[in-house]
Amino acid sequence: MEGRERVRRHLGRGEADRPPLIIFATAFAARLEQAEPELLWEDASLLTRALLRLHSLFGVDALVIEPPPAALEADERAIVSDAIGRLRTTVGESVALVIALPGPLTLAAARDADTAATLEDLGDELVETAHALGPERADCLAVVERTAVSSGGAEPLEEALTPLWNAARYYAAASMLVAAEGVPELGESGAD
């Protein structure tokens with residue numbers, strides 16, 4: 001079983017031959033390329049090469065593309081989209097691609113924005129960003145929330161992310177919510 005099928009089966013029904021190896025290692029991939037991590041997001045060739053090297057050295061089942069908030073601005077995300085396209089073409093069925101977007105709370109913190117007023121807008125922005133990056137090439141759309149989620153923030157966060165989960169379903173991609181610090185209610189989110 002190749003990595004892409006393994007990841008899809010594991011995330012979909014849990015019927016893979018073994019648990020897939022999925023790591024968030026973009027900074028490590030940059031180090032392997034002897035480049036500063038922020039430079040990956042400025043050069044699609046460098047980003048592609050770094051992630052491919054990570055795959056070839058460690059045999060990961062999924063390449064996780066986790067751009068920082070600055071790389072997702074409308075005028076910058078074409079580089080990430082180009083890299084995703086190159087990766088999908090190069091790896092074919094051997095590796096799953098996971099697009100890991102920063103969560104709305106993380107984006108709000110990065111922009112010093114008022115969270116309550118902009119959570120829904122940031123959720124809509126994530127859907128727009130996902131569409132720009134090419135969700136049809138992804139096997140999983142993930143949201144990585146690095147800001148702590150309180151019990152009062154779980155429901156508004158889920159409401160903001162519902163359109164993204166719907167987009168993932170439309171493209172037959174798995175969806176995943178990864179929270180650095182959260183409450184049990186996050187386990188009831190609409191993500192797979």
Side-chain angles (χ1 to χ4, degrees), residues 2-12 20-30 37-38 40-52 54-55 60-107 110 122-147 157 160-180 189-192:
E2 293 199 67
R4 188 175 191 193
E5 181 182 0
R6 181 175 294 118
V7 170
R8 283 181 164 260
R9 282 188 177 197
H10 181 76
L11 292 176
L21 177 57
I22 304 172
I23 58 173
F24 287 74
T26 310
F28 183 63
E38 60 273 1
L40 292 182
W41 311 108
E42 297 173 7
D43 183 345
S45 295
L46 179 61
L47 178 58
T48 304
R49 191 173 57 245
L51 290 171
L52 287 174
L54 181 74
H55 167 62
V60 296
D61 293 309
L63 293 172
V64 179
I65 299 102
E66 184 187 6
L72 297 177
E73 298 297 326
D75 54 340
E76 301 291 328
R77 61 183 170 215
I79 294 167
V80 180
S81 179
D82 187 26
I84 291 169
R86 292 176 188 204
L87 286 166
R88 176 50 61 215
T89 300
T90 304
V91 300
E93 296 295 313
S94 66
V95 177
L97 296 181
V98 177
I99 298 175
L101 301 172
L105 297 173
T106 302
L107 285 175
L122 291 170
D124 291 342
E125 184 180 318
L126 285 175
V127 172
E128 179 184 316
T129 299
H131 283 291
L133 296 180
E136 68 279 0
R137 300 178 292 203
D139 298 288
C140 179
L141 288 178
V143 171
V144 180
E145 194 57 83
R146 298 196 181 278
T147 301
L157 177 64
L161 292 175
T162 295
L164 185 65
W165 306 147
N166 291 337
R169 285 183 195 88
Y170 178 81
Y171 288 103
S175 57
M176 183 183 312
L177 175 61
V178 179
S189 79
D192 294 337

Does any part of the side chain of Arg88, heavy atoms only, come nearer than 4.5 Å to the side chain of Asp139, both counted from C-beta? yes

Can you sort out the partners of Glu2 under side-chain hydrogen bond (donor to acceptor under 3.5 Å, both in side chains), two or more places apart, ordered by chain and number? none

Between Thr129 and Glu125, is any pair of side-chain heavy atoms under 4.5 Å apart? yes

From CG (Leu133) to CD (Glu128), nearest 0.5 Å: 10.5 Å

Compare every heavy atom of Arg137 with every heavy atom of Ser81, then report the nearest pair and how far apart it is. OG-NH2, 3.1 Å

Rounded to the nearest 0.5 Å, what separation is found between the CZ atom of Arg77 and the CD1 atom of Ile84? 11.5 Å

Locate the shortest heavy-atom distance separating Trp41 from Glu66; write the atom from each residue and the value. CZ2-O, 3.4 Å

Spacing of Glu42 atom CD and Leu47 atom CG [to the nearest 0.5 Å]: 11.5 Å

Rounded to the nearest 0.5 Å, what separation is found between the CG atom of Asp82 and the CG atom of Leu87? 9.5 Å

Test item: Glu145 side-chain N/O and Leu105 main-chain N/O as donor-acceptor pair under 3.5 Å: yes

Which residue is it: Val98, Thr26, Ile23? I am looking for the one with a side-chain contact (heavy atoms from CB on, under 4.5 Å) to Val64. Val98

Nearest heavy-atom pair of Val143 and Gly103: which atoms, and what distance? CG1-CA, 3.4 Å

Just how far is it from atom CG of Leu161 to atom CG of Leu122, taken to the nearest 0.5 Å? 10.0 Å

A side-chain contact here means heavy atoms from C-beta on lying under 4.5 Å apart; do Leu164 and Ser175 qualify? no

Side-chain (Arg169) to main-chain (Ala173) donor-acceptor, under 3.5 angstrom: no

Mind jotting down which residue pairs meet the ring pair (Phe, Tyr, Trp, His ring centres under 6.0 Å) criterion with at least one end in residues 122-142? Sequence neighbours excluded, please. His131-Tyr171

What pair of heavy atoms forms the shortest contact from Val60 to Leu63, and how long is it? CG2-CD2, 3.9 Å

Which heavy atom of Pro67 sits nearest a heavy atom of Ile65, and at what distance? CD-O, 3.2 Å

What residue among Arg9, Arg8, Arg6 forms salt bridge (Lys or Arg N to Asp or Glu O under 4.0 Å) with Asp61? Arg6

Find the distance between CG (Leu97) and CG (Leu51) and round it off to the nearest 0.5 Å. 9.0 Å

Hey, are the side chains of Ile99 and Val80 touching, using non-hydrogen atoms and a 4.5 Å cut-off? no

State, to 0.1 Å, how close Ala100 and Val144 come at their nearest heavy-atom pair, and which atoms those are. CB-CG2, 3.9 Å

Residues passing the side-chain contact (heavy atoms from CB on, under 4.5 Å) test with Ala174, sequence neighbours excluded, are Leu11, Cys140, Asp192

